[in-house]
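Inspection log for the structure reproduced underneath, given as structure tokens.
Model, not experiment: these values are computed from the prediction. As a basis for the values below, the full set of heavy atoms in this structure was taken, side chains included, without hydrogen atoms, waters or symmetry mates.
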Amino acid sequence: MTDRDDHVKRRTDERLSVVVPCYNEQEVLPEFHRRVSAVMAPLGLPWEVVYVNDGSSDGTLKLMHDLQDAHPEVAIVDLSRNFGKEVAMTAGLEACRGDAVIVIDADLQDPPEVIPQLVAEWRAGYDMVYARRESRAGETAIKKATSRWFYRVIGKLSRVRIPADTGDFRLLSRRTVEALLQLREQHRFMKGLFAWVGFPQKAVIYRRDPRFAGDTKWNYWKLWNFAVEGITSFSTVPLRLATYCGIGIAVIAFVYAAWIFYKTLAYGDPVKGYPSLMVVVLFLGGGQLIGIGVLGEYLGRVFNETKSRPLYFLNEHRPSAMGRAATSVEESHD
Ligand code: UDP
Ligand code: MG
């Protein structure tokens with residue numbers, strides 16, 4: 001068999017997986033499935049969609065079961081509780097069997113209609129095709145500025161280049177998925193992990209839609225934690241508190257310094273040296289607490305990683321028809 005034949009053969013048994021983390025998405029799931037099927041079916045390749053139920057408290061899981069009863073391409077990964085999107089995504093990546101895997105949000109903010117473009121770039125030889133959003137007209141100037149600032153700072157601080165204006169919506173080749181699954185850290189800053197893995201990458205530009213229905217699970221506090229890289233774990237909160245105490249004391253010291261400065265000018269300074277001493281003591285104290293807080297941030301992460309707990313637990317994994325076929329082929333090879 002020539003190289004070319006080999007190549008053609010490989011193309012014909014390529015499989016695609018779509019991985020969808022879902023947390024309380026009952027309003028959008030049926031519409032999502034309709035749109036994803038409309039896009040995937042015409043591609044003419046075997047495909048599956050892996051819905052990861054990330055501990056939803058609404059009817060999301062029931063809807064997934066209904067979808068699976070009606071459509072053999074549906075796989076369900078049901079996590080034991082809510083682990084957050086990053087871990088849900090990882091569970092989906094672990095369960096999917098495709099040669100190329102598309103990660104997409106359930107809320108239809110990432111339009112499934114972009115998928116054929118991602119697949120085309122993958123066929124052209126790229127291992128990671130990320131969908132970069134065109135900057136949104138509806139966004140506030142503050143949001144745009146903070147996001148630009150965030151990418152600039154993180155670009156300066158780390159050696160991996162994280163592309164701006166990209167979410168998790170992207171296509172990964174099988175070898176990229178395998179590489180990603182070897183990174184078992186608890187603090188899964190996915191944008192960083194994707195970038196860290198490397199391999200040939202390509203961007204596809206698209207327009208991000210507003211959420212189809214339901215509410216975003218993000219709030220500003222969550223976004224802040226995301227930006228300081230990592231989800232707060234219950235046991236690192238006291239450490240983090242030190243940072244804020246430090247900042248608070250530093251600010252108070254500064255205001256106090258200004259006040260003493262004014263008072264000394266206006267009324268004189270009966271006890272020599274006392275005001276400046278106070279200012280220095282408070283200022284240094286604040287600075288030290290900030291330092292300890294930052295140390296604590298890192299120590300907390302080390303603490304979490306040394307526990308080396310599994311990333312998640314499954315209630316149940318119900319593979320798709322494609323997934324079951326892939327497993328039985330592998331077993332017959334053994
Ligand atoms: N999500 C999840 N677990 C969570 C929070 C969110 O699996 O704890 C999923 C959610 O169902 C959606 C995706 O992650 O498919 C993105 O969530 P969301 O739309 O709330 O985030 P945003 O688009 O505002 O970044
Ligand atoms: Mg969203």
Atom of N24, atom of S57 and distance for their closest heavy-atom approach: OD1-N, 2.6 Å

Which heavy-atom pair separates G55 from Y23 by the least distance, and what is that distance? O-CE1, 3.7 Å

Can you find a heavy atom in the side chain of R184 that is under 4.5 Å from one in the side chain of L311? yes

Between OG of S173 and CG of L171, what distance do you get to the nearest 0.5 Å? 8.0 Å

Got a second to check how far F194's CZ is from L183's CG, nearest 0.5 Å? 10.5 Å

Do you know which two heavy atoms are closest between V18 and M40, and how far apart they sit? CG2-CE, 3.8 Å

Any F83 side-chain heavy atom under 4.5 Å of R81 side chain: yes

Can you confirm whether E316 sits close enough to I76 that some side-chain heavy atom of one is under 4.5 Å from a side-chain heavy atom of the other? no

Tell me whether R174 is salt-bridged to D99, with the criterion being a basic N under 4.0 Å from an acidic carboxylate O. no

Please name the pair of heavy atoms, one in G323 and one in E48, separated by the smallest distance, quoted to 0.1 Å. N-OE1, 3.9 Å

Closest non-hydrogen atom pair, A106 against P21: CB-O, 4.0 Å

Is it the case that E73 and S320 place a side-chain donor and acceptor less than 3.5 Å from each other? no

Smallest separation among heavy atoms of P319 and R324, with atom names: O-NH1, 3.0 Å

Residue of the set E25, R318, H33 for which side chain to side chain donor-acceptor pair (under 3.5 Å) holds with Y51: H33

Report the C-alpha separation of E31 and R34 in whole Å, then their side-chain angles, then the decisive distance to 0.1 Å, and conclude whether the salt bridge (charged side-chain N to carboxylate O under 4.0 Å, His left out) test is met. CA-CA 5 Å; E31 172 68 8; R34 202 187 56 69; 3.1 Å; yes

